[in-house]
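Below is one structure, written out as structure tokens; the observations come after it.
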2 protein chains.
Amino acid sequence: MKKITMQDVAEQAGVSPKTVSRVINNEPRVSESTRKKIQQIIDELDFQPNKSAQSLAADRSLLIGLLYDNPSSAYITNLQAGVLDTCYQFGYGLVIHPCQNDTPDLLPKLRNLLASSRMDGLVLTPPMTENQELLDFLESTDTPYVLISPLDDARTCPIVSLDDVSATKQSIQHLIDFGHRRIGFILGTRQRSGSEMRFLGYKQALEENNVSFDESLVVQGDFTFDSGVVAAQQLLRHETPPSAIFASNDYMAAGVMKAAAQLRIPIPYELSLCGFDDTPLAMYMTPTLTTVRHPVEQLAREAGELLIRQLKKYLQPFKPEELQSKLIIRDSTGPVNK
Amino acid sequence: MKKITMQDVAEQAGVSPKTVSRVINNEPRVSESTRKKIQQIIDELDFQPNKSAQSLAADRSLLIGLLYDNPSSAYITNLQAGVLDTCYQFGYGLVIHPCQNDTPDLLPKLRNLLASSRMDGLVLTPPMTENQELLDFLESTDTPYVLISPLDDARTCPIVSLDDVSATKQSIQHLIDFGHRRIGFILGTRQRSGSEMRFLGYKQALEENNVSFDESLVVQGDFTFDSGVVAAQQLLRHETPPSAIFASNDYMAAGVMKAAAQLRIPIPYELSLCGFDDTPLAMYMTPTLTTVRHPVEQLAREAGELLIRQLKKYLQPFKPEELQSKLIIRDSTGPVNK
DNA sequence: AACATAAATGACAGCGCTGTCATTTAAAAT
DNA sequence: ATTTTAAATGACAGCGCTGTCATTTATGTT
């Protein structure tokens, strides 16, 4: 069973290989009739263009890279699934590249990866999206890229975003609706725009509901479980402790749950708790966690499409659709206990 | 800044391109002196062979595929990290392919993937490792593959394994050492060799310690959280309930924890609990979960190496090293409460 | 020293596509 | 009908490697 080449298709169709190539690449300047005829033969023969030959001849790898620093593995697999989906659709391959944003050899490694895999473009996720040095490097090497990042109007490069501000507002509103007025807030790592956005959402929600902002109810975390434990201890030992806590991600929320268990504060009866991100974890905790779910896969799909449409000639550019995060109400939140 | 080709290296070194090619591919029949000289020039020029050209000329893609069905995302990312590591080392690329083992279009999809990406070989993980139809297909298309799978002496194909039997024995021994005699066991999905192995380990540990085997302490689960809840409820309502429970994975253990919380049975005081797999979850539960940690990344690294060494000429075949799972003792297990 | 043998190297074609540019064919304009 | 202009198609080289096989050089043998 020998391989079918473009030559074979061309012969069958009675045209030159170049015309077949045109059909495959969606080039214009092919008459509708020939296009249809050739397409039919391609289908019939189940012809798949040889990627290596395409890459070599056209000097593009048909590969895009996905860079991420391990936030959570569930997030990563969703991300991958989304980008893969797009890749598959457009005949691209995906090179995944886990990295550590804060190590000095990230750039050399990436440079090396780019040189050896010749990726046509990159999809970046936080925190790499905030790594200016990295972005500058990509600019300097003319590597196309798109960012997946919290909404931030300051950015001008290709980007797909989620609105963390309004997602957080929703959560806080949910707590306020339950009668909570003293709502603790655990910040994520500063310098991450996501953290700032969430904090902003918190403040806005309070303001809109005429709940006074109390600085002492805001404590710093760093997105880790342990920091959640510490932050919760601090909040819960407050002289007038909050009746609800919003943690800037689920891991910290899990930490809060641990701290609450240690202090024998039953959730949701004496303390309501909101997480952020809807990690699988959220379903497995006792009680299950009220949190915010992001359409990560869909977002990644859009990022991929944005990138690939930028890369391929003869394709319309892509206008990503606004995607919404969603509050998932579970058992960790309830009416305030007067 | 133009690209450096083999031609450039050859000229610099005063040899033919073919000789440079020989050096790059580790072929024999190159004198040590020329090899060294060429290697030096390669380093100097930072020459990276063009993968597309290599693939096209040699008719191999320099790509290997990783097939998995979503067991847990943490597992997947570890897996990927390991295989990537090997790929990187040998200049291979990795094509990830999440699949759903139980859907009928798995094979067509895979066939398509193979045709379009021309992967040189595959790494398979459970449950695909047990999908005979899939394996037959690979055999029939002469696609090299290796399995990552629980130890099972019946298999003859290339495989890297972990010994689930002895890992489980260790856990049960741990419980027995704490004085537990009535130990509940929650089975995983039948037909998964891992489940059988774990059950075997359980029975062996009991026997070795002269603890009688009580069939009523064994209940069926299916690796999901919910099945763990149900199984635990059944066990804990037993007329003489177990003082300890071993769940065949962490998700089910989490379910047990939930059931225990509902029944107000404090862990570990009135019930000890062992999980399996050391999902990140295990650290985040309250109490933290005693479980078994597998060297997944290392295992994946070995699988990759086993595969690649099989693919590349001029390489020694690889004899994987035996890897050991390890019991991680945390807060969910304790002395039996008499 | 002359030959046989093995090791090291090179010449050359070609892998399967696509870019460039020339050529043919159809449509529009006169 | 004839010329002008645009659309459709084709010829051909070459992307950067590697496989094959011929050739050169070193090594060993008598």
Side-chain angles (χ1 to χ4, degrees), chain A residues 2-39 41-42 45-63 91 93 115-118 120 311-314, chain B residues 2-39 41-42 45-63 91 93 115-118 120 311-314:
Chain A
K2 73 178 279 292
K3 277 170 292 187
I4 294 149
T5 73
M6 226 167 62
Q7 184 66 42
D8 301 328
V9 177
E11 275 166 23
Q12 279 263 338
V15 296
S16 76
K18 178 70 225 196
T19 303
V20 179
S21 165
R22 287 196 176 93
V23 172
I24 285 176
N25 293 289
N26 263 299
E27 292 183 38
R29 344 236 98 193
V30 181
S31 76
E32 239 358 275
S33 59
T34 15
R35 189 184 296 277
K36 222 165 28 198
K37 182 174 62 188
I38 293 177
Q39 189 56 55
I41 295 178
I42 288 177
L45 265 46
D46 193 25
F47 164 67
Q48 311 250 161
N50 181 317
K51 289 247 166 58
S52 309
Q54 288 185 304
S55 310
L56 183 58
D59 193 29
R60 61 207 163 105
S61 63
L62 293 176
L63 252 31
S116 68
S117 306
R118 299 172 189 249
D120 295 336
L311 298 175
K312 280 188 91 153
K313 326 194 287 195
Y314 316 120
Chain B
K2 72 178 280 292
K3 279 169 289 186
I4 293 149
T5 74
M6 228 168 62
Q7 184 67 41
D8 300 328
V9 178
E11 273 166 25
Q12 278 264 336
V15 298
S16 77
K18 177 71 225 197
T19 302
V20 179
S21 165
R22 287 196 176 94
V23 172
I24 285 176
N25 292 290
N26 264 300
E27 293 184 36
R29 345 234 99 194
V30 181
S31 76
E32 238 358 274
S33 58
T34 19
R35 189 183 296 277
K36 223 164 27 195
K37 184 175 58 187
I38 292 176
Q39 187 58 55
I41 295 178
I42 288 176
L45 266 47
D46 191 26
F47 164 67
Q48 311 248 161
N50 181 317
K51 289 245 165 59
S52 310
Q54 288 185 303
S55 309
L56 182 58
D59 193 28
R60 60 206 163 104
S61 63
L62 293 176
L63 252 32
S116 67
S117 307
R118 297 170 193 252
D120 295 337
L311 297 175
K312 279 189 93 152
K313 323 194 286 196
Y314 317 119

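Below, read A as the first sequence line, B as the second, and so on, with proteins coming before strands; counting in each chain starts at 1. Keep in mind it's a predicted model, so treat the numbers as computed, not measured.
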Going through the distances and angles, do B:Gln48 and B:Asp46 end up as a side-chain contact (heavy atoms from CB on, under 4.5 Å)?
CA-CA 6 Å; B:Gln48 311 248 161; B:Asp46 191 26; 4.0 Å; yes
Could you check which of C:dG10, D:dT9, C:dC17 has an atom nearest any side-chain atom of A:Thr19?
D:dT9
Below the 4.0 Å mark, does C:dT18 have OP1 or OP2 next to a side-chain nitrogen or oxygen of A:Ser21?
yes
Tell me whether the OP1 or OP2 atom of D:dC17 has a side-chain N or O from B:Ser55 closer than 4.0 Å.
no
Show your reasoning for whether side chain to side chain donor-acceptor pair (under 3.5 Å) applies to A:Ser55 and A:Ser52.
CA-CA 5 Å; A:Ser55 310; A:Ser52 309; 5.9 Å; no
With heavy atoms under 4.0 Å as the rule, sort A:Pro49 into base, sugar-phosphate or nothing.
sugar-phosphate
Ignoring hydrogens and geometry beyond distance, is the side chain of B:Lys3 in donor-acceptor contact with the base of D:dG16 at under 3.5 Å?
no
Under 4.0 Å: is that the gap between some side-chain N or O of B:Ser31 and OP1 or OP2 of C:dT9?
yes
Between D:dC17, C:dT18, C:dA8, which nucleotide has the shortest distance from any of its atoms to the side chain of B:Arg29?
C:dA8
Classify A:Thr34 by what it touches in the nucleic acid, base, sugar-phosphate, or nothing, heavy-atom distance under 4.0 Å.
sugar-phosphate
From the candidates C:dC17, D:dT9, D:dC17, the one with an atom nearest any side-chain atom of A:Asn50 is C:dC17
Can you list the steps and then say if B:Val23 with B:Gln39 is a side-chain contact (heavy atoms from CB on, under 4.5 Å)?
CA-CA 7 Å; B:Val23 172; B:Gln39 187 58 55; 3.8 Å; yes
Assign each of B:Pro28 and B:Ala57 to its nearest nucleotide of DNA chain C by heavy atoms, then name whichever residue's nucleotide is nearer the 5' end.
B:Pro28
Choosing from C:dG19, D:dC17, C:dT9, which nucleotide comes nearest the side chain of B:Ala53?
D:dC17
Run the salt-bridge test on B:Asp120 and B:Lys312 with the 4.0 Å N-O cut-off and return the result as yes or no.
no
Counting side-chain heavy atoms from C-beta on, which of D:dG10, D:dT18, D:dA8 comes nearest to B:Ala58?
D:dT18
What is the distance from CZ of A:Arg60 to P of C:dT18, rounded to the nearest Å?
7 Å
Any A:Gln7 side-chain N or O less than 4.0 Å from OP1/OP2 of C:dG16:
no
Among the nucleotides C:dC15, C:dC17, C:dT9, whichever has the atom closest to the side chain of B:Leu56 is C:dC15
Without decimals, in angstroms, what is the distance between A:Glu27 CD and D:dA8 C1'?
12 Å
Taking 4.0 Å as the cut-off, does a side-chain nitrogen or oxygen of B:Gln54 come that near to OP1 or OP2 on D:dT18?
yes
Go through the steps for B:Lys18 and B:Glu27 under the test side-chain contact (heavy atoms from CB on, under 4.5 Å), then give the verdict.
CA-CA 11 Å; B:Lys18 177 71 225 197; B:Glu27 293 184 36; 4.2 Å; yes
Counting side-chain heavy atoms from CB outward, which of C:dC17, D:dT9, D:dT18 is closest to A:Phe47?
C:dC17
Counting distance alone, no hydrogens or angles: does the base of C:dG10 have a donor or acceptor under 3.5 Å from a partner atom on the side chain of B:Arg22?
yes
Measure CD1/A:Ile38 against P/D:dA8 and give the value in whole Å, please.
13 Å
